[in-house]
Amino acid sequence: MQVSPFARIEMAPPDPIIGLTEAFKNDANPKKVNLGVGVYQDGAGKVPILQVVREAQERLQATEDTKNYMPIDGIPAFNQQVQSLLFGADSAVIAGARAVTVQALGGTGALKVGADFLKRFFPASQVWISDPSWENHRALFEAAGFTVNNYPYYDSETHGLDFASMLNALKALPAQSIVVLHACCHNPTGVDLSQEEWLRVVDLFQTTGLIPFLDFAYQGFAEGIDADAFAVRAFAEAGIPCLIANSFSKSFALYRERVGALTIVTPSEEEAARVRSQVKRVIRTNYSNPPSHGAQIVAAVLADAELRAHWEIELAGMRERIHQMRDLFVRRLREKGVEQDFSFIRRQQGMFSYSGLSREAVDRLRNEYGIYIVGSGRVCLAALNEKNCEYVCEAIAETL
């Protein structure tokens, strides 16, 4: 019998997040809690379908009249709404047609298209990501052929930002280094730059020739739609060429629909046209063209004043619930007699926090209590609710 050509292929290690979720599903503990999964959950522990999404879907189903292929760069109306959301409706970038936006397969797909585009035209460049960063950043850019390095970011002593070290490291990078920045709601730490710090970073990029790539997966989950776009708009208004990967997985709870976009800001309309032609080549050789359903929902909601208003209310509700869970988590831990200071969790933004829990504590919480946390101690606050928070805090109090 012929030996299989795949016989020597080894089993790949499990994804640190997806593998954790699989272990959680197989756990028989009735009190189990998954604080590792990176999705927003409502007070009942469910990933919701927003009411505004239901309404937009009903309208779409009533009017859709074809299942023909999409354009390579996606739905024009969707791409226009993305730019308005990123830069503001009155943006000079939009008025000057200096931005290229292409629909992508979620935020991850946008990062991948951007990485492949950059590798084609900057093959000698290296990529720099924050220490720590979303675990897929490294794998994604390495898969595109880049060497990936870290710049300082998180200070484990203060549970905050080591901004001085970050700035000094970026200053030392060679021109055309690609720097991945989290525009808000840093994943995994929840630690963001202040507006003043962002302006200093923008000033640095104006003189160093670095290429900024902003990952913007959580617009509306920190302080609000416009406030969360501060970094993106600061780079754009400063005239700095940059790439932006944004996602609607969280803000619209459209995780399985894979709705995102890659936007590239250029100095001129003519340069934008050339960039678009090359990005479309990348897409064409990857997946040819994107799906329509999720993007049509987003475009319809953002273009309709009534639906847009309803979406902003639902988005604010998700944001406020996360803030409330941060506060409840800290209060409950203190009430349980935990002496370790967790007050920094209130100052962080978005769905995640670097909790400061040791690997030993994380392992005990999983093995003894069925509470699943990433090995780094990263906790998804959006997975907490009024029912499970008590149990989680009791378990942490007994573990520490």
Side-chain angles (χ1 to χ4, degrees), residues 70-104 107 110 113-114 117-118 121 181 183-184 195 198-199 201-207 209-220 222-248 251-252 259-283 290 295-309 311-312 315:
M70 298 275 288
I72 292 174
D73 49 357
I75 303 171
F78 170 80
N79 294 337
Q80 292 167 8
Q81 292 298 330
V82 167
Q83 290 193 9
S84 180
L85 200 63
L86 293 180
F87 306 121
D90 58 350
S91 168
V93 172
I94 297 175
R98 294 192 287 111
V100 174
T101 297
V102 296
Q103 185 185 332
V113 171
F117 167 78
L118 290 170
F121 295 101
L181 301 160
C184 75
Q195 291 188 358
W198 273 121
L199 291 177
V201 170
V202 169
D203 287 342
L204 184 152
F205 274 79
Q206 284 183 311
T207 59
L210 301 176
I211 302 173
F213 198 150
L214 290 98
D215 190 349
F216 195 23
Y218 301 97
Q219 186 173 8
E223 299 177 22
I225 294 169
D226 292 325
D228 293 355
F230 181 86
V232 168
R233 295 178 186 182
F235 274 97
E237 290 166 7
I240 300 173
C242 60
L243 296 87
I244 305 149
N246 78 297
S247 168
F248 294 100
S251 61
F252 273 76
V259 190
L262 172 69
T263 298
I264 304 178
V265 179
T266 71
S268 69
E269 182 176 2
E270 184 273 335
E271 187 167 310
R274 288 187 279 110
V275 168
R276 181 182 296 276
S277 71
Q278 294 293 346
V279 174
K280 288 171 70 174
R281 287 184 67 194
V282 172
I283 294 171
Q296 288 194 74
I297 290 172
V298 171
V301 171
L302 295 180
D304 183 283
E306 182 180 359
L307 292 180
R308 168 71 181 253
W311 169 65
E312 291 189 12
L315 177 60

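Being a predicted model, the structure only gives us computed values, none of them experimental.
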Does any N or O in the side chain of [X] come within less than 3.5 Å of the main-chain N or O of [Y], such that one atom is a donor and the other an acceptor?
| X | Y | answer |
| --- | --- | --- |
| Trp198 | Val232 | no |
| Gln219 | Leu85 | yes |
| Gln195 | Phe230 | no |
| Asn79 | Asp73 | yes |

Interatomic spacing from [atom1] in [X] to [atom2] in [Y] - rounded to 0.5 Å:
| X | Y | atom1 | atom2 | value |
| --- | --- | --- | --- | --- |
| Leu243 | Ile264 | CG | CD1 | 4.5 Å |
| Phe205 | Leu210 | CZ | CG | 5.0 Å |
| Arg274 | Glu270 | CZ | CD | 4.0 Å |
| Ile240 | Thr207 | CD1 | OG1 | 9.0 Å |
| Thr101 | Ile244 | OG1 | CD1 | 7.5 Å |

When you look at Phe235 and Val265, which way does the side-chain contact (heavy atoms from CB on, under 4.5 Å) test go after all the steps? CA-CA 9 Å; Phe235 274 97; Val265 179; over 6 Å; no
Non-hydrogen atoms of [X] and [Y] that approach each other most closely:
| X | Y | value |
| --- | --- | --- |
| Pro290 | Gly74 | CG-CA, 3.7 Å |
| Pro241 | Pro212 | O-CD, 3.3 Å |
| Ala99 | Gln83 | O-NE2, 3.2 Å |
| Val113 | Val282 | O-CG1, 3.9 Å |
| Val259 | Val298 | CG1-CG2, 4.0 Å |
| Ser251 | Trp311 | O-NE1, 2.9 Å |

Is it the case that atom CD in Gln278 sees more than 12 heavy atoms from other parts of the structure closer than 6.0 Å?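 Atom CD in Gln278 is crowded, with more than 12 foreign heavy atoms closer than 6.0 Å.
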Show me the donor-acceptor pairs within less than 3.5 Å that the side chains of residues 86-98 make with the rest of the protein, sequence neighbours left out.
unit_1 : atom_1 : unit_2 : atom_2 : d
Ser91  : OG     : Val93  : N      : 3.0
Arg98  : NH1    : Thr266 : O      : 3.2

Parallel, tilted or perpendicular, judged at 30° and 60°: which one describes the rings of Phe248 and Phe252?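 The arrangement is perpendicular - the two ring planes meet at more than 60°.
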Exercise answer: donor-acceptor pairs, residues 222-229 side-chain atoms, under 3.5 Å, sequence neighbours excluded:
unit_1 : atom_1 : unit_2 : atom_2 : d
Asp226 : OD1    : Arg233 : NH1    : 3.2
Asp226 : OD1    : Arg233 : NH2    : 3.1
Asp228 : OD1    : Glu223 : N      : 2.8
Asp228 : OD1    : Gly224 : N      : 3.4
Asp228 : OD2    : Gly220 : N      : 2.8
Asp228 : OD2    : Phe221 : N      : 3.2
Asp228 : OD2    : Ala222 : N      : 3.0

Contacts of Glu237 that satisfy salt bridge (Lys or Arg N to Asp or Glu O under 4.0 Å) - sequence neighbours left out: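 With sequence neighbours excluded, Glu237 shows a salt bridge (Lys or Arg N to Asp or Glu O under 4.0 Å) to no residue whatsoever.
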